[in-house]
Amino acid sequence: MLDGRRILLVISGGIAAYKSLELIRRLRERSAAVRCVVTANATQFVTPLALQTLSGEKVFQDTFSLTDEHEIGHITLARDCDLVVVAPATANLLAKMAAGLADDLASTALLVTDRPILAAPAMNFRMWGHPATQANLATLAGRGVRTVGPNAGPLAEGESGIGRMAEPGEIVAAVEGLLAAGPLQGVKALVTSGPTFEPIDPVRFIGNRSSGKQGHAIAVALARLGAEVTLISGPVRLPDPAGIRTIAVETAREMLGAALANLPVDVAVCAAAVADWTVSNASREKRKKEPGAPPPAIELAPNPDILATLSEQGSARPRLVVGFAAETEKVVEHARAKRERKGCDWIVANDVSPASGTFGGDFNSVHLISAAGTEDWPRIAKSDVAERLAWRIADFLKPGGHG
Ligand code: CTP
């Protein structure tokens, strides 16, 4: 049952839009509230009157409709729900979502929402297979957008292939899966991710090559299991994951400040590659080259250790503090020592030797080190490491759990 859960259903213009009527009926049968947003093209396939009759709610179409804006602003419309379902999601709408375009109410709502998004793609199989569509889907998946389907089978134009929208029953099952109370419901989590940049002067800094992929994936995985996640991220080239409160910081001190300001939490995962040193003689003005003068000396001072600081918070200490160890040799031995030194509960040790391809890559091979011992995990995608870690955290935090 979806008792009282609120779904914003975005319908774009494909022949599969006729199945949206059945989808609304099934969602309402399960006691969900459904509010529809249609694109102009969608109204060629289903009428707003049919949608309104089945949903029992006003149907929204026009960003600039004064009556719509008066009743409910488009920002509230996009956020006042538990889940946004895009069905059908045409190749065009997926491309607009990936590019961040907002030229009608549907795309604006998708850009402005902070709720999880489930898309049910529907298109011709050639459009589905096109590298542009696949690249857009990869971008959207990286931002936490979930998809259901498409299925293989006969398509509208008499051809056959992958592109049929998932059946209403499959979409409802995916909705139930996403809205079901996950094992981390009610759990607060803090995740640090990415590098820190330590300024030398207003234009130069000391940084590192961390991509933030692993930390961001952990934030997404914890949120999927129902946790309320705060992600504190150094400068990365990744989008803020949908539905996760993300705080952007630059330096280690800012990261520590943001972490302490967000306590108490149940679990903290420190995946950031924090710079060990800050530049103590950083200049307020840009350093100039003086003709004939030697290069300026950069003086370094140690940065605070965020993981160690969180581990020693006394009564405000998270129940579980998880650190990462990036090692190039004697991976497990060094990581065990690091766990003791920093006072955290678990260390996820990864091999970052150049041969491993971990830094900046999509795969990781890790060992989970706790007081109980060491688990060796196989080489798997960073998103799978994240999911596995999230489930281990859920096991630990459940009543009577241990780890
Ligand atoms: N970390 C942190 N704050 C720091 C440095 C590190 O929170 N100032 C955290 C990282 O997020 C990671 C763990 O500590 O979870 C391990 O970081 P690492 O840089 O590998 O540890 P170091 O103590 O710097 O070890 P090494 O001697 O290998 O540099």
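Whatever order the structure lists ligands and atoms in, that order sets their numbers, starting from 1.
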| Check: A271 N/O within less than 3.5 Å of ligand 1 N/O | no
| Between S233 and I247, is a side-chain contact (heavy atoms from CB on, under 4.5 Å) present by the stated rule, with each step listed? | CA-CA 6 Å; S233 175; I247 301 171; over 6 Å; no
| said: Students should be able to answer this: which protein heavy-atom is nearest to atom 29 (O) of ligand 1, and at what distance? | reply: D276 OD2, 3.9 Å
| Does the distance from a Lys or Arg side-chain N to an Asp or Glu carboxylate O, for R79 and D114, drop under 4.0 Å? | yes
| field | Geometric cation-pi criterion R339 and W346, 6.0 Å radius, 45° cone | value | no
| message | Heavy atoms only: which of E327, H334, M255, K342 lies closest to atom 14 (O) of ligand 1? | response | K342
| query | Quick check: does A275 get an N/O under 3.5 Å from an N/O on ligand 1? | reply | no
| task | Check the pair T39, I11 against side-chain contact (heavy atoms from CB on, under 4.5 Å), reporting the backbone distance first and the verdict last. | result | CA-CA 6 Å; T39 64; I11 303 170; over 6 Å; no
| task | Could you check atom 12 (C) of ligand 1 against the protein and tell me its nearest heavy-atom contact, residue, atom and distance included? | result | F324 O, 3.0 Å
| Heavy atoms only: which of C344, S193, A272, A349 is nearest to atom 10 (C) of ligand 1? | A272
| said: Are any of the N/O atoms on A273, whether in the backbone or the side chain, positioned under 3.5 angstrom from an N/O atom of ligand 1? | reply: no
| message | Which of the numbered atoms in ligand 1 are under 4.0 angstrom from any heavy atom belonging to G323? | response | 15 (O)
| message | Between T196 (side chain only) and G234 (backbone N and O only), is there a donor and an acceptor less than 3.5 Å apart? | response | no
| task | Identify whether the distance between the nearest side-chain nitrogen and carboxylate oxygen of R224 and E387 falls below 4.0 Å. | result | no
| task | List the closest protein heavy-atom neighbour of atom 3 (N) of ligand 1: residue, atom name, distance to the nearest 0.1 Å. | result | I306 N, 3.0 Å
| message | Ignoring hydrogens and geometry beyond distance, is a side-chain donor-acceptor pair present between T139 and N136 at under 3.5 Å? | response | no
| query | In the protein, which heavy atom is nearest to atom 5 (C) of ligand 1, and how far is it? | reply | V274 CB, 3.7 Å
| remark: Closest non-hydrogen contact found for P88 with S20 is CD-OG, 3.6 Å
| said: For A252, state whether at least one heavy atom is located under 4.0 Å from any atom of ligand 1. | reply: no
| message | Between R6 and D82 (salt bridge meaning N to carboxylate O under 4.0 Å), is one present in this structure? | response | yes
| Contact atoms of ligand 1, heavy-atom distance to A326 under 4.0 Å | 20 (O)
| request: Report the nearest protein non-hydrogen atom to atom 8 (N) of ligand 1: residue, atom name, distance rounded to 0.1 Å. | output: P304 O, 2.9 Å
| said: For ligand 1 and L307, I'd like to know whether there is a polar contact (N/O to N/O, distance under 3.5 Å). | reply: yes
| Winner among R253, R341, K338, R339 once heavy atoms are compared against atom 28 (O) of ligand 1 | K338
